[in-house]
Structure formats: C-alpha cells, structure tokens
Amino acid sequence: MSRVTCRLATAADAAAVAQLFWLCDRHYWGAAAPSRAQQANLVRDRVLAGQPGSEILLAEQDAKALGFASFAVLYPAPELGGQVFLKDLFVPEDGRGRGIGETLLRALAKIAVARGCRRLDWTTEDHNARALAFYDRLGARHVTEKVYFRFDGDSLKDFAAGG
C-alpha cells in the first residue's frame, strides 16, 4: 500500500468530493443531511466550477479519496500575507487514527507557506473532544481572544433584508 498524498481537487474529482461531502454532512447532520445527488450538484455547480472562493484539498491513497480540507485564502492579513482559513477538515470514521487528518493539515500548512500566508486559522466545536485533542496533539494554539459570530437561516434572511 502506498503512502497518503494530498493534492488540490479539480472538476475531474467531483464524484469523490461529493461523496466525501455527503459523508461529512451525514456525520454532522444525520438523516437531515442533503442527499448524494444534491451534494453532487453542489460540487459540480459551485465548489469545483472554477468560481473563486474555496478550494478543496484531497487526501488520497492508491487513487482513493480518503478525506478533505476545504479552505480559502483571505486578505488582508498580518505582514501583507494572506490568511488561510480552514472551513472543514474531514476524514470518514473508517479512516480516522491513520494520520490522514494530520497529513491534510500539514499539506495545507505547506500551501499557506508557499502562498506567502502568515497564518492558518480554523474553528471546531467546543464539545468535539476528539478534534480538540487532535489539534492539541499537533501543537496548535487555542485562540481565546476571538469570538465567533453567525447569522443563519431566517436571521440571515432578515438581516439581509434590513429587518
């Protein structure tokens, strides 16, 4: 068996990315997750359609997609560099504990450095003990001076409408 490698996803990877997105949503949302077909449409029409915004880093072994990191480079950031923001890092349950997540995160750090970025940021739920332990083990710093805000659902629509 070959080692795990990482590369940026292209439109040719739409089926693999859609499957991983579906597994990710099923992990977090259960039966309320969008269908495989809906995920395939999203990936084809938005995620890998060449629109600026997010990118997908795939972890693979023997041409099989094992996990992904979705991210964006944001500006402005410290020292005239960019900031990589990691939206999601996901490895399906059957791949966890094999170093795939760490491989993805290290590959993303290399992308950040190569693109002149000065930092790599992400969030995780405060109750996700497994993720917290993973990031602690890697030596990531807890950022406590930031507070995370959100509009979603009807509150997003209301705010956008000015009400």
Side-chain angles (χ1 to χ4, degrees), residues 1-74 77 81-143 146 148:
M1 190 173 277
S2 63
R3 68 183 186 91
V4 175
T5 59
C6 295
R7 66 177 177 81
L8 293 174
T10 68
D13 299 306
V17 171
Q19 175 67 10
L20 287 167
F21 277 23
W22 181 77
L23 289 170
C24 181
D25 278 357
R26 294 281 298 186
H27 174 76
Y28 287 107
W29 305 110
S35 71
R36 288 179 192 214
Q38 289 170 313
Q39 286 291 3
N41 291 338
L42 170 77
V43 168
R44 183 193 65 236
D45 297 341
R46 293 189 192 170
V47 178
L48 297 178
Q51 296 178 2
S54 65
E55 296 179 74
I56 306 298
L57 183 64
L58 281 178
E60 297 178 312
Q61 186 173 46
D62 299 325
K64 180 183 179 208
L66 303 174
F68 74 90
S70 61
F71 69 97
V73 179
L74 305 173
Q83 166 192 348
V84 170
F85 185 81
L86 171 63
K87 166 56 176 87
D88 276 308
L89 176 72
F90 180 76
V91 175
E93 188 66 39
D94 63 354
R96 294 187 187 155
R98 296 178 35 208
I100 298 166
E102 182 174 348
T103 299
L104 276 162
L105 202 52
R106 286 188 187 279
L108 186 55
K110 289 176 185 176
I111 288 170
V113 169
R115 293 184 184 183
C117 296
R118 299 292 185 219
R119 66 185 191 203
L120 168 59
D121 290 322
W122 65 93
T123 64
T124 193
E125 288 81 13
D126 61 358
H127 62 272
N128 189 340
R130 195 169 179 178
L132 291 167
F134 169 65
Y135 297 133
D136 281 340
R137 183 177 58 77
L138 296 179
R141 179 173 68 90
H142 285 241
V143 176
K146 297 280 187 179
Y148 190 64

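Predicted, not measured: the structure shown is a model, and the values here were computed from it. Each residue takes its place number in the sequence, starting with 1.
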Asker: Rounded to the nearest 0.5 Å, what separation is found between the OG atom of Ser70 and the CG atom of Leu89?
Answerer: 8.5 Å
Asker: Provide the closest heavy-atom pair for Ala65 versus Leu20 in the form atom of the first, atom of the second, distance.
Answerer: CB-CD1, 3.8 Å
Asker: Given side chains that start at C-beta, do those of Trp122 and Leu108 come closer than 4.5 Å, heavy atoms only?
Answerer: no
Asker: Are the side chains of Val91 and Leu104 in contact, using a 4.5 Å heavy-atom criterion?
Answerer: yes
Asker: For Arg46, I'd like to know if atom CZ has over 12 heavy atoms of other residues, nucleotides or ligands within 6.0 Å.
Answerer: no
Asker: What is the minimum heavy-atom distance between Arg118 and Gly81, and which atoms define it?
Answerer: CG-CA, 4.1 Å
Asker: Return the CG to OG1 distance between Asp88 and Thr123, rounded to the nearest 0.5 Å.
Answerer: 8.5 Å
Asker: Supply the atom-to-atom distance Arg3 CZ to Thr103 OG1, rounded to the nearest 0.5 angstrom.
Answerer: 8.5 Å
Asker: More than 12 non-hydrogen atoms from neighbouring residues, nucleotides or ligands closer than 6.0 Å to CZ on Arg137, yes or no?
Answerer: yes
Asker: Using a cut-off of 6.0 Å, state whether more than 12 heavy atoms not belonging to Arg96 lie near its atom CZ.
Answerer: yes
Asker: Report yes or no: does Gln39 contribute a side-chain atom to a donor-acceptor pair with the main-chain N or O of Gln19 at less than 3.5 Å?
Answerer: no
Asker: Output the distance between atom CD1 (Ile111) and atom CD (Glu55), rounded to the nearest 0.5 Å.
Answerer: 7.0 Å
Asker: When you compare the side chain of Arg7 with that of Asp13, does any pair of heavy atoms fall below 4.5 Å?
Answerer: yes
Asker: Would you call Phe21 and Phe68 a side-chain contact if the rule is heavy atoms closer than 4.5 Å?
Answerer: yes
Asker: Glu102 versus Leu105: any side-chain heavy-atom pair under 4.5 Å?
Answerer: no
Asker: Please report the closest heavy-atom contact between Asp62 and Ser2, naming both atoms and the distance.
Answerer: OD1-OG, 2.6 Å
Asker: Can you list the residues that meet the ring-ring contact (aromatic ring centres under 6.0 Å, His included) rule with Phe90, with sequence neighbours excluded?
Answerer: His27
Asker: Could you give me the CA-CA distance, side-chain angles and deciding distance for Val84 and Arg115, then say whether side-chain contact (heavy atoms from CB on, under 4.5 Å) is met?
Answerer: CA-CA 9 Å; Val84 170; Arg115 293 184 184 183; over 6 Å; no
Asker: Which atom pair, heavy atoms only, marks the closest approach of Ala31 to Arg26?
Answerer: CA-NH1, 3.8 Å
Asker: Testing Asn41, Leu42, Asp25 one by one against Pro34 for a side chain to side chain contact (heavy atoms under 4.5 Å, CB included), which residue passes?
Answerer: Asp25
Asker: Any side-chain heavy-atom pair from His142 and Asp136 closer than 4.5 angstrom?
Answerer: yes
Asker: Please examine the side chains of Leu57 and Leu8, heavy atoms only from C-beta on, and report whether any two atoms are closer than 4.5 Å.
Answerer: yes
Asker: Grab the two heavy atoms, one from Val17 and one from Ala9, that are nearest each other, plus how far apart they are.
Answerer: CG2-CB, 4.0 Å
Asker: Are Lys146 and Asp121 close enough that some pair of their side-chain heavy atoms sits under 4.5 Å apart?
Answerer: no
Asker: Distance check, rounded to the nearest 0.5 Å: Thr5 atom OG1 versus Leu58 atom CG?
Answerer: 9.5 Å
Asker: State, to 0.1 Å, how close Ala72 and Ser54 come at their nearest heavy-atom pair, and which atoms those are.
Answerer: CB-CA, 4.4 Å
